[in-house]
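Here, residue 1 is the first one in the sequence, and each next residue gets the next number. Quick caveat: nothing in here was measured; it's all calculated off a predicted structure.
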Amino acid sequence: GGPVFPLLFIGGGLGAVLHLAVDDVPLALAVTAMMAAVPAAVIPVPLGLAMFVVLLSGIGATESTPIFVAAVISMMASKAIEAKLPKPPPASSPPTGDG
């Protein structure tokens, strides 16, 4: 599973919390959208992750559009935030000991 499955579980948990915080968001939509969005913020393959979540959850094709949108927006937002962060200075090469 590597990093993908823990991120799926974190997304599912955050989706359940989102549903509890905002009652107008259906539980199935919140959980599946967050299951795709959280890993897509870390791993830049949003459409593959969204398809995996759709197939894993059994959501129908007509209800899957918000899941794909959530994954793509999550990846785009994480890339935009990453671009705004200051870049670390390049690592200097270790001394060679030729002195």
Report task. Work out which heavy atom in P46 is nearest to a heavy atom in M75; give both atom names and the distance. Result -> CD-SD, 3.5 Å

Query - Closest approach of K87 to E82 (non-hydrogen atoms, all atoms of both residues) - result: NZ-O, 3.9 Å

Query raised in the report: Are side-chain heavy atoms of S74 and V38 found at a separation under 4.5 Å?
Result: no

Query raised in the report: Among the clusters formed by ILVMFWY side chains lying less than 4.5 Å apart, do L47 and L55 turn up in the same one?
Result: yes

Query raised in the report: Out of curiosity, does V17 fall in the hydrophobic cluster containing V53 (side-chain heavy atoms, cut-off under 4.5 Å, transitive links)?
Result: no

**Report entry** Within one Ile-Leu-Val-Met-Phe-Trp-Tyr cluster: L18 and L20, side-chain cutoff 4.5 Å
**Finding:** no

Query raised in the report: Side chains of L49 and V4: closer than 4.5 Å at any heavy-atom pair?
Result: yes

Query raised in the report: About how many Å separate NZ of K84 and NZ of K79, when rounded to the nearest 0.5 Å?
Result: 15.5 Å

Please list, one pair per line, the donor and acceptor atoms closer than 3.5 Å that link side chains of residues 23-30 to other protein atoms, with sequence neighbours excluded.
none

Query raised in the report: With the 4.5 Å side-chain cut-off for hydrophobic clustering, are I10 and F5 part of the same group?
Result: yes

Requested in this report: Step by step, work out the side chain to side chain contact (heavy atoms under 4.5 Å, CB included) result for T32 and E63.
Outcome: CA-CA 11 Å; T32 54; E63 292 89 14; over 6 Å; no

**Report entry** Smallest separation among heavy atoms of V54 and S64, with atom names
**Finding:** CG2-CB, 3.6 Å

Pairs of donor and acceptor atoms involving the side chains of residues 65-73, under 3.5 Å and at least two apart or interchain, shall be tabulated with distances.
none

Requested in this report: Please report the closest heavy-atom contact between A16 and V31, naming both atoms and the distance.
Outcome: N-CG2, 3.8 Å

Query - Rounded distance [0.5 Å steps], CD1 in I43 versus CG in L7 - result: 6.0 Å

